[in-house]
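Just so you know, these numbers come straight off a predicted model, no measurement behind them. All heavy atoms count here, side chains included; hydrogens, waters and symmetry mates do not. In what follows, every chain begins at residue 1, and chains take the letters A, B, ... in the order their sequences are listed.
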There are 2 protein chains.
Amino acid sequence: MDCIFCKIINGDIPSYKVYEDDKVLAFLDITQTTKGHTLVIPKKHLKNMYELDKETATDVFSVIPRITKALREAFEPMGFNIVNNVDKPTQSVFHFHVHIIPRYPDDGVHLSTPNHMENYKEDDYKKIAEKIKNKLS
Amino acid sequence: MDCIFCKIINGDIPSYKVYEDDKVLAFLDITQTTKGHTLVIPKKHLKNMYELDKETATDVFSVIPRITKALREAFEPMGFNIVNNVDKPTQSVFHFHVHIIPRYPDDGVHLSTPNHMENYKEDDYKKIAEKIKNKLS
């Protein structure tokens with residue numbers, strides 16, 4: 001399979017590993033958006049969150065708190081953004097992966113998440129919630 | 001406990017619920033950063049990722065793919081950013097919660113995650129990885 005993360009798992013492409021078990025691999029993101037920026041991936045190839053099964057979710061997200069705490073001890077960041085990108089416009093590698101991004105003062109990371117509360121009335125919220133619930137079969 | 005999300009779980013504060021089971025609640029983020037912006041929380045009060053236990057991780061992250069797919073069917077976004085903020089500078093409510101943010105063209109959401117690869121040599125990566133591994137006891 002032509003997946004760069006599967007090649008990293010197989011050792012065909014080198015990486016800087018920080019954690020590995022039978023199901024999960026964690027390695028440094030080569031871009032080091034901030035110091036310690038780590039990717040956590042399941043060894044099983046899943047495209048993204050759409051395909052995440054319960055067992056793999058457990059494997060990956062029971063490891064993430066441990067790595068987050070190790071990063072906290074190692075580099076003493078203020079906190080973290082833990083990010084999973086699904087499809088467009090931000091997913092670049094189509095093997096499920098979670099970014100652990102330590103946050104430091106003036107680190108150049110920005111998450112712009114506008115507040116559009118002034119555009120929504122009670123009835124708008126109700127319609128949106130109803131539409132989602134109808135698709136949750 | 002003076003936690004706004006615990007009050008939402010208890011029904012003391014109203015919310016627009018999209019999903020609920022014994023362990024997990026999902027409801028609309030009132031800011032609607034984008035249409036369908038949803039928060040998923042465990043009913044058990046945990047401060048953040050530092051305190052996430054395996055069972056709660058399973059409860060929350062086995063529900064998230066279902067909600068993501070329901071949002072995809074309901075609103076046909078290009079994709080999603082799934083974000084968990086830990087402590088400073090971006091965590092505002094200290095009850096573990098995961099943002100599911102649908103992404104649309106020109107939606108005003110920006111994740112600025114600089115690439116600092118040019119500042120790192122092989123030895124720098126190795127030292128960082130080693131430091132994290134040493135803290136993963």
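The shortest heavy-atom contact between A70(A) and I132(B) is CB-O, 3.9 Å. Between M49(B) and T68(A), the shortest heavy-atom contact is CG-OG1, 4.1 Å. In terms of heavy-atom proximity, F80(A) sits nearest to T90(B) at O-OG1, 4.3 Å.
Residue contact with chain B, scored on non-hydrogen atoms closer than 4.5 Å, is absent for F27(A). D107(A) touches chain B through its backbone: at least one of N, CA, C or O sits under 4.5 Å from a heavy atom, while the side chain does not. Both the backbone and the side chain of Y50(B) have a heavy atom closer than 4.5 Å to some heavy atom of chain A. Only the side chain of T38(A) comes within less than 4.5 Å of a heavy atom of chain B; its backbone N, CA, C and O stay farther away. Interface remark: L28(A) contributes side-chain atoms only to the contact with chain B (heavy atom separation under 4.5 Å). With a 4.5 angstrom heavy-atom cutoff, E118(B) does not touch chain A via any of its atoms.
A 4.5 Å side-chain heavy-atom check between T113(B) and H37(A) finds every atom pair outside the cut-off.
Most heavy-atom pairs under 4.5 Å with chain A, from the set S62(B), G79(B), S112(B): that is S112(B). Counting heavy-atom pairs closer than 4.5 Å to chain A, the top-ranked of the candidates E73(B), Q91(B), K35(B) is E73(B). Considering only heavy-atom pairs separated by less than 4.5 Å from chain A, the leading option among P77(B), A26(B), P65(B) is P65(B).
Linking ILVMFWY residues whenever their side-chain heavy atoms come closer than 4.5 Å, directly or via other members, leaves F5(A) and F96(A) in distinct clusters.
Using cut-offs of 30° and 60° for the angle between ring planes, the Y16(B) and Y125(A) rings count as parallel.
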